[in-house]
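Report on the following structure.
Everything numeric here is computed off the predicted structure, so don't read it as measured data.
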Amino acid sequence: MIRLKGQDLLALGFMTFALFLGAGNLIFPPSAGLAAGQSIWPAAAGFLLTGVGLPLLTVVALARVGGGMDRLTAPLGRGAGTLLAVAVYLAIGPLFATPRTAVVSFEMGVAPFTGNSAMPLLVYTALFFAATLFLVLNPGKLVNRVGKFITPVLLAALLVLGGAAFFAPAGDIGVTAESYRSDPMLKGFLEGYLTMDTLGALVFGIVIATAIRDRGVSEPALITRYSMIAGAIAAIGLSLVYLALFYLGATSQGIAGDAQNGVQILTTYVQHTFGVAGSLLLAVVITLACLTTAVGLTAACGEFFSSLLPVSYRTVVIVFTLFSLLVANQGLTQLISVSVPVLVGLYPLAIMLVALSLLDRCWISPSRMFVPVMAVTLVFGVADGLSAAGFTNLVPSFFKGLPLAAQSMGWLVPVLVTLVIAFVADRLIGTRRIAT
């Protein structure tokens, strides 16, 4: 039986950290911290639940089943499982996450010098996605080499930025915005959706498990254990990054109070603290990091959809890259506003999928649990998504009166009730089958 050494586990943990560290991890904590103000710590705690805790649990769930989303969604049936996988891949691919990598790197690296107008954004995103397409179509060893160069540089930059945030804040912690006054922890929980790391974990989890197997580990229990350790290392790193960026945002109201997104907060703080040279260095590092993230996401979508549809990998990545270019030119603020209702509807499905999978030993028949619980989650999640998008006229009044509906969590109580009913039915039907 082969066991991994400490240094192997540390390397695995840093690889997992690098997989998750992308554009969303850097831009949403500062904006949440800016709005949270004096309520920074409960808001940060809620953010860590969805930004760190759920991705970690997703990695563990995938390691336990020993595969990718197809095994995780097996109790739903092939059709429903495939539809959910398609929704996840589209969300982390051309609809939101991939275009976001281009817009974030533009607003951080180019916009301070060219302005935030349409033409510079178009030129930059065209060059960005041309480079993405080149790397996706001709990967070789180039992506690995760039990744090995970027990760340590990015970690060093984050260490400097995090240290400066705590030891050289731009000011005192600011006031709490209206949206964070009633329940800052729940608001932070919902803001954590925007990192999209739980959806990313559904794709990256198999990469981590495969990396462990490639080191010669074949025992399922060890694969699960090492995945948990790698996930824990990544979770610690992400937590430190989030807390530092939350504090940076909360103490930057004096210099970035009118910022519309986290990129503007970060850029303003770096210029204020380090000057133009610091802004240029951070811009280069973030641009390269976003580029490799875009390459990874596009390649993953290419592999998935080329195996699902009768089209080639090359065709998929070309179409998705062009579509990502179009979406990116809507701008970061617009992209975030559109993605919020979609994530509000999609995230409950991911949460319940992981929860049901982790508790699979409690079910006699997994399909009897998965199908009704996920169906109810879909219905109420869509209702919450429509409400978050402003289409309240399309949502029946019954949905609006549910507990936590105003906080886009109206799905929670109906799903828990369905879970209890399904569990009782599963036990009763299972007992009858055994008796006969």
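Remark: side-chain polar atoms of Asp360 are not paired, donor with acceptor, to backbone N or O of Trp363 under 3.5 angstrom.
Looking at heavy atoms from C-beta onward, Phe323 lies in side-chain contact with Leu95 at the 4.5 angstrom threshold. Between Ser31 and Asn261, every side-chain heavy-atom pair lies at or beyond the 4.5 Å cut-off.
A distance of 6.0 Å separates CG in Leu386 from CG in Leu394, rounded to the nearest 0.5 Å. Atom CD1 of residue Ile92 and atom CG of residue Leu202 lie 8.5 Å apart, to the nearest 0.5 angstrom. In this structure, CE on Met228 lies 12.5 Å from CD1 on Ile233, to the nearest 0.5 angstrom. For the atom pair CD1 of Ile421 and CG of Leu416, the computed distance is 11.5 Å after rounding to the nearest 0.5 Å. One finds the CG atom of Asp384 at 8.0 Å from the CG atom of Leu402 (value rounded to the nearest 0.5 Å). How far OG of Ser252 is from OH of Tyr247: 10.0 Å, rounded to the nearest 0.5 Å.
Screening residues 370-379 for side-chain hydrogen bond (donor to acceptor under 3.5 Å, both in side chains) gives no qualifying pairs among residues at least two apart or on separate chains. Sorted by first and then second residue, the side-chain hydrogen bond (donor to acceptor under 3.5 Å, both in side chains) pairs involving residues 40-59 (not counting sequence neighbours) form an empty list. Judged as a side-chain hydrogen bond (donor to acceptor under 3.5 Å, both in side chains), the pairs with a partner in residues 9-29 (not counting sequence neighbours) are, in order, Asn25-Asp197, Asn25-Tyr242. Within the structure, side-chain hydrogen bond (donor to acceptor under 3.5 Å, both in side chains) contacts touching residues 296-309 (residues at least two apart or in different chains) do not occur.
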- request: I would like to know whether Leu161 and Leu245 meet side-chain contact (heavy atoms from CB on, under 4.5 Å); could you show each step before the answer?
  value: CA-CA 8 Å; Leu161 184 63; Leu245 293 178; 4.0 Å; yes

side-chain contact (heavy atoms from CB on, under 4.5 Å) assessment of Val316 paired with Leu309: CA-CA 9 Å; Val316 172; Leu309 303 172; 6.0 Å; no

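By the 30° and 60° cut-offs, the orientation of the rings of Tyr193 relative to Tyr347 is parallel. Note: Tyr89 and Phe304 have parallel aromatic rings, judged against thresholds of 30 and 60 degrees for the angle between ring planes.
Residues meeting the side-chain hydrogen bond (donor to acceptor under 3.5 Å, both in side chains) test with Ser179, sequence neighbours left out: none. Taking Phe370 as the reference, nothing meets the ring-ring contact (aromatic ring centres under 6.0 Å, His included) condition, with sequence neighbours excluded. Residues passing the side-chain hydrogen bond (donor to acceptor under 3.5 Å, both in side chains) test with Asp183: none are found, sequence neighbours excluded. Listed by chain and number, the residues in a salt bridge (charged side-chain N to carboxylate O under 4.0 Å, His left out) with Asp8 amount to none (sequence neighbours excluded). Residues meeting the salt bridge (charged side-chain N to carboxylate O under 4.0 Å, His left out) test with Glu191, sequence neighbours left out: Lys187. In this structure Ser239 satisfies the side-chain hydrogen bond (donor to acceptor under 3.5 Å, both in side chains) test with no other residue, sequence neighbours excluded. Applying the side-chain contact (heavy atoms from CB on, under 4.5 Å) test to Tyr124 and every residue at least two apart in sequence or in another chain returns Ser105, Phe106, Val110, Phe128, Thr287.
Heavy-atom minimum distance, Ser339 versus Leu194: OG-CD2, 4.4 Å. Shown here for Ala388 and Val344, the closest heavy-atom pair between the two residues is CB-CG2, 4.2 Å. The heavy-atom pair separating Leu248 from Ala165 by the smallest distance is CB-CB, 3.8 Å. Shown here for Leu356 and Leu419, the closest heavy-atom pair between the two residues is CD2-CD1, 3.8 Å. The two residues Ala61 and Leu72 have their closest heavy-atom pair at O-CD1, 3.9 Å. Of all non-hydrogen atoms in Val104 and Cys290, the two that sit nearest each other are CG1-SG, 4.3 Å.
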Would you list the atom pairs, donor with acceptor, under 3.5 Å between side chains in residues 74-86 and any protein atom, with sequence neighbours excluded?
residue, atom, partner, partner atom, Å
Thr82, OG1, Arg78, O, 2.7

